[in-house]
Amino acid sequence: MINLQNINVSFRKGNTKSIFGKERQQVLKDVSMNVEEGDCVGIIGESGSGKSTLGCVICGLLKPDSGKVYVKKPISVVFQDYSTSVDPRFTVNDIIIESLTVRERRDGIKLNKDNEVYRLLELVGLGQEYILRYPHELSGGQLQRICIARAVALQPRIILFDEAISSLDAHTQVQVMDLLRQIKLKYSLTYVFITHDLTSVTYLCNKVLFLYNGQVVETCNIDGLRTIKNEYAKNLLNSIMDVPVK
Amino acid sequence: MWKKLFKNKTALIMLIIIFATTIVGIFAPLFASHDPYEIDVMNKFAVISLEYPLGTDNLGRCILSRMIYGIRPTLFLSLMTMIGTISIGMVMGLLAGYFRGVVDEIIMRIIDVMLSFPSQIMIFAIVALLGVDVRNVIIANVIIKWAWYARMVRTNVMKYRSKNFILFSRCIGNRESFILFRHLLPSISWEMAVLATLDIGWAILDISTFSFLGLGVQAPTPEWGAMLNEAKNVMTTNPVQMIAPGVAIVTCFVSILIS
């Protein structure tokens with residue numbers, strides 16, 4: 001589903017003295033990863049490790065300097081900041097219809113959009129009364145559910161979650177994670193879960209990829225978390241888990 | 001919004017002035033007591049009376065009637081200038097801010113060149129090239145001013161293009177036209193509307209200035225700037241002829257700026 005080979009991404013340094021300066025900061029260094037159909041891969045790393053940049057490369061929002069990117073389309077995305085994830089001038093109906101319109105064009109079909117919107121709202125646990133509401137009339141959890149409904153409306157093969165539950169409260173996080181699990185099973189989706197929260201990864205993912213300083217330092221199955229070799233990954237796990245990693 | 005407006009008395013008064021001026025201008029034949037072109041040399045420099053509330057000018061034409069008819073070209077031409085300026089500025093700014101890269105570089109270099117010239121001098125130069133006509137004054141104004149708007153629009157577009165709802169649209173493969181016209185344009189339109197309303201005042205002033213200098217609206221068409229031009233020779237003997245359009249221009253300009 002996703003195959004990245006030797007991805008390198010760099011950005012021009014903001015504090016370059018000369019206006020013609022070419023000094024660049026390497027954000028991703030030789031990153032390779034493979035995601036199979038039906039996988040749920042968690043990408044973990046501290047702030048600034050290049051997680052979101054890798055997400056942008058997977059989504060096609062950023063072209064790498066070098067390396068090969070293969071991503072089976074269609075792909076959808078759910079972002080961390082739900083408040084900027086939706087157009088504030090759009091109603092819930094408009095937000096979901098945007099994805100449905102893209103799907104119609106892609107598949108060359110005509111959808112009954114009203115029914116689809118109702119069905120999707122029901123899927124994410126929201127009623128029909130939300131259909132004409134604007135984003136500012138919804139809570140964080142509700143808005144993130146709308147974002148999930150919008151992502152699913154596209155009928156994607158892959159959904160990328162970029163810190164999608166980090167900004168929600170603990171109770172809502174659990175609800176949303178349960179919802180994501182149900183949706184994954186229902187539509188046989190492939191998930192890429194970018195986060196710095198290992199608990200959500202252990203709950204949802206079957207594979208984990210540790211990113212440190214723009215490099216993949218460890219890749220393992222969720223069952224093999226306690227046998228990882230890399231020091232950084234070990235320290236990260238030790239700081240989160242109750243039982244120390246040997 | 002209305003509550004806020006009604007609380008702000010100054011803004012409300014200024015808006016009423018603008019609205020009333022526009023209505024009087026649109027329905028000028030209903031409000032004007034005389035034909036603005038009707039010359040009556042025997043009646044020149046008539047003093048203020050019931051028949052001529054602001055007296056008559058050096059050709060015996062009713063000053064108030066000319067003032068009322070003068071609203072039309074003043075407002076219409078400034079609106080035309082603003083529509084032209086905003087349209088070009090919006091398109092160029094959207095293209096530069098959204099597509100970035102080479103498109104942005106080319107448009108921004110053109111904008112840099114446009115902004116490096118003193119605007120009034122450039123307008124004179126363009127009017128001199130194209131010929132003395134009010135249409136050419138509008139064209140010159142648009143050519144000079146679009147760059148300001150393009151730069152503003154570009155800055156706003158750059159602010160919004162990295163918002164997640166735009167990134168989502170791009171990620172799912174939505175059309176560029178949808179992103180530009182359904183997401184970006186409405187996002188920046190409020191800020192542009194504020195800028196445009198402020199600039200309408202300047203456009204009025206510009207049109208009047210060029211008409212005063214004899215480069216814009218030509219006699220005998222009633223226009224406030226052109227009326228000032230005609231009145232300058234009789235400024236000392238018949239000051240009302242100059243004060244009336246002068247006060248009108250200032251009032252209109254200030255009302256638009258304050259509201």
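All chains are named by letter (A, B, ...) in the order of the sequence lines, taking the proteins before the strands, and each is independently numbered beginning at 1. The structure displayed is predicted, hence computed values, not measured ones.
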Exercise. Taking side chain as C-beta onward, heavy atoms only, is A:Ile159 less than 4.5 Å from A:Val78?
Worked result: yes
Exercise. Is there side-chain contact between B:Ile256 and B:Ile18, with at least one heavy-atom pair below 4.5 Å?
Worked result: yes
Seminar exercise, completed: Heavy-atom nearest pair, A:Leu120 first then A:Ala149, reads CD2-O, 3.8 Å
Seminar exercise, completed: If one checks every heavy atom of A:Val102 against chain B at 4.5 Å, the contacting part turns out to be side chain
Exercise. At a heavy-atom separation under 4.5 Å, does A:Leu154 approach chain B through its side chain, its backbone, both, or neither?
Worked result: side chain
Return one line per donor-acceptor pair between chain A and chain B under 3.5 Å, naming both atoms and the distance rounded to 0.1 Å.
residue, atom, partner, partner atom, Å
A:Asp81, O, B:Asn164, ND2, 3.4
A:Thr84, O, B:Asn164, N, 3.3
A:Thr84, O, B:Phe165, N, 3.0
A:Thr84, OG1, B:Asn164, ND2, 3.2
A:Asp87, OD2, B:His183, ND1, 2.7
A:Arg89, NH2, B:Ser187, OG, 2.5
A:Glu98, OE1, B:His183, NE2, 3.3
A:Glu98, OE2, B:Ser169, OG, 2.1
A:Glu98, OE2, B:Asn174, ND2, 3.0
A:Glu98, OE2, B:His183, NE2, 3.3

Exercise. Is the A:Phe193 ring parallel, tilted or perpendicular to the A:Phe161 ring (thresholds 30°, 60°)?
Worked result: tilted
Exercise. Does the gap between the ring centers of A:Phe79 and B:Phe168 come in under 6.0 Å?
Worked result: no
Problem set entry | Atom CZ of B:Phe19: over 12 foreign heavy atoms under 6.0 Å | no
For this session: For B:Met192, look at atom CE and say whether over 12 heavy atoms of other residues, nucleotides or ligands are found less than 6.0 Å away.
Result: yes
